[in-house]
Amino acid sequence: MTEKTHKTIEQAEQEGKYIRKVRSFVKREGRLTKGQERALTDHWQDMGLNHSDGLINPKTVFGNDNPVVLEIGFGMGKSLVEMAKAAPELNFIGIEVHKPGVGACISFAVEQGVKNLRVYEHDAIEILADCIPEKVLSTVQLFFPDPWHKKKHHKRRIVSLTFVETIRQKLKIDGVFHMATDWENYAECMLEDMQNSPGYQNLSETNDYVPRPESRPLTKFEDRGHRLGHGVWDLQFKRLP
């Protein structure tokens, strides 16, 4: 009997195997500003994490045993940097596929003197599979993921029963999965997936959504949406033993 070993997608492709990927994002690279490029060049060694390095040890990465918060899809990184600066007792890992956003995040973190933040520039699904050990995260954050609002594109939404189970495995016992969206249909689908996933407890007193926690910064986009009467839905579920 041969032992089955887990291969990264890159390894499988190098062996000539075709891997079909349904992406939850569109690769809109855009042009790097000089500041973003400089931040990536000058500070990646200190703040960047590489998918190719495989499984991480958070204690080694940060030099301490502080709880680890993972954010998936941090955009330009402003809110993530603000959260890390406001909570130096926590360690933050951000994952973003778009290089300009990663550069902007690093640049802002350096400007703000933030030391408790590391970032990946890679697909979150592959980072979760290949780089994040089980039961190490105290919180996973997924804020305003692409809603893929057309029904024919719903399969591209990152939140699914499989994804939810993957997150559960990465969370410590009592760790929290926190999601937020401004698309009501997506919020309803998120809630349904979470309620149908064993091993979670909804932290909502009404068994649906929670008020926006103070720890999640209010973005200008979200503030404008509130003024226009648009809704935002937050969900928080705790991993059970």
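Along the sequence shown, residues carry numbers from 1. We use all heavy atoms of the structure for the numbers below, so side chains are in, but hydrogens, waters and symmetry mates are not.
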Do [X] and [Y] have a side chain donor and acceptor closer than 3.5 Å?
| X | Y | value |
| --- | --- | --- |
| Asn116 | Asn66 | no |
| Asp208 | Thr206 | yes |
| Trp44 | Asn50 | yes |

Looking at side-chain heavy atoms only, is the closest gap between [X] and [Y] below 4.5 Å?
| X | Y | value |
| --- | --- | --- |
| Pro147 | Glu184 | no |
| Lys172 | Pro67 | no |
| Phe237 | Ser197 | no |
| Leu55 | Asp130 | no |
| Met194 | Val164 | yes |
| Leu40 | Ile106 | yes |
| Asp234 | Pro213 | yes |

Greater than 12 external heavy atoms within 6.0 Å of [X]'s [atom1]:
| X | atom1 | result |
| --- | --- | --- |
| Glu205 | CD | no |
| Glu37 | CD | no |
| Lys78 | NZ | no |

Relative to Phe92, does Arg118 satisfy both conditions: NZ or CZ under 6.0 angstrom from the six-membered ring centre, and within 45 degrees of the ring's axis?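 No; the conditions do not both hold, so Arg118 does not lie above the ring face of Phe92.
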Could you tell me the separation between the [atom1] atom of [X] and the [atom2] atom of [Y], rounded to the nearest 0.5 Å?
| X | Y | atom1 | atom2 | answer |
| --- | --- | --- | --- | --- |
| Gln36 | Cys105 | CD | SG | 11.0 Å |
| Asn196 | Leu191 | CG | CG | 9.0 Å |
| Asp42 | Met47 | CG | CE | 12.5 Å |

Taking NZ, NE, NH1 and NH2 as the nitrogens, is one of them in Glu222 or Arg216 under 4.0 Å from a carboxylate oxygen of the other?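 Salt bridge: yes.
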Strictly distance-based, threshold 3.5 Å: is any side-chain N or O of [X] a donor or acceptor partner for the main-chain N or O of [Y]?
| X | Y | result |
| --- | --- | --- |
| Glu165 | Thr162 | no |
| Lys170 | Ile132 | yes |
| Asn202 | Asn207 | yes |
| Glu96 | Gly75 | yes |

Would [X] end up clustered with [Y] when hydrophobic side chains under 4.5 Å apart are linked, directly or stepwise?
| X | Y | value |
| --- | --- | --- |
| Leu49 | Ile125 | yes |
| Met76 | Val97 | no |
| Phe108 | Leu32 | yes |
| Val61 | Ile127 | yes |

Using the ring of each side chain (for Trp, its six-membered ring), is Phe177 parallel, tilted or perpendicular to Tyr200, with breaks at 30° and 60°?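 Rings of Phe177 and Tyr200: tilted, as their planes differ by 30° to 60°.
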Run the side chain to side chain contact (heavy atoms under 4.5 Å, CB included) test on Ile167 and Ile72 for me, step by step, so that the C-alpha distance in whole Å, both residues' side-chain angles and the decisive distance to 0.1 Å come before the verdict. CA-CA 11 Å; Ile167 297 299; Ile72 297 171; 4.1 Å; yes
Determine the minimum heavy-atom distance between [X] and [Y], stating which atoms define it.
| X | Y | answer |
| --- | --- | --- |
| Ala39 | Gly103 | CB-O, 3.6 Å |
| His122 | Ile95 | O-CG2, 3.4 Å |
| Ile93 | Ile56 | CD1-CD1, 3.7 Å |
| Val114 | Ala84 | CG1-CB, 3.8 Å |

Show your reasoning for whether side chain to side chain contact (heavy atoms under 4.5 Å, CB included) applies to His178 and Phe143. CA-CA 8 Å; His178 180 191; Phe143 298 153; 3.5 Å; yes
After noting the C-alpha distance and the side-chain angles of Val68 and Leu90, does the key distance pass the side chain to side chain contact (heavy atoms under 4.5 Å, CB included) rule? CA-CA 6 Å; Val68 179; Leu90 302 176; over 6 Å; no
Using the side-chain contact (heavy atoms from CB on, under 4.5 Å) criterion, which residues pair with Arg239? Sequence neighbours excluded.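 Applying side-chain contact (heavy atoms from CB on, under 4.5 Å) to Arg239 gives Lys135, Arg168, Leu171, Ile173.
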Residues forming a ring pair (Phe, Tyr, Trp, His ring centres under 6.0 Å) with Phe163, sequence neighbours excluded: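 Phe163 satisfies ring pair (Phe, Tyr, Trp, His ring centres under 6.0 Å) with no residue once adjacent residues are dropped.
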Checking side chain to side chain contact (heavy atoms under 4.5 Å, CB included) for the pair Val81/Phe74: CA distance, chi angles, key distance, verdict? CA-CA 10 Å; Val81 172; Phe74 57 74; over 6 Å; no
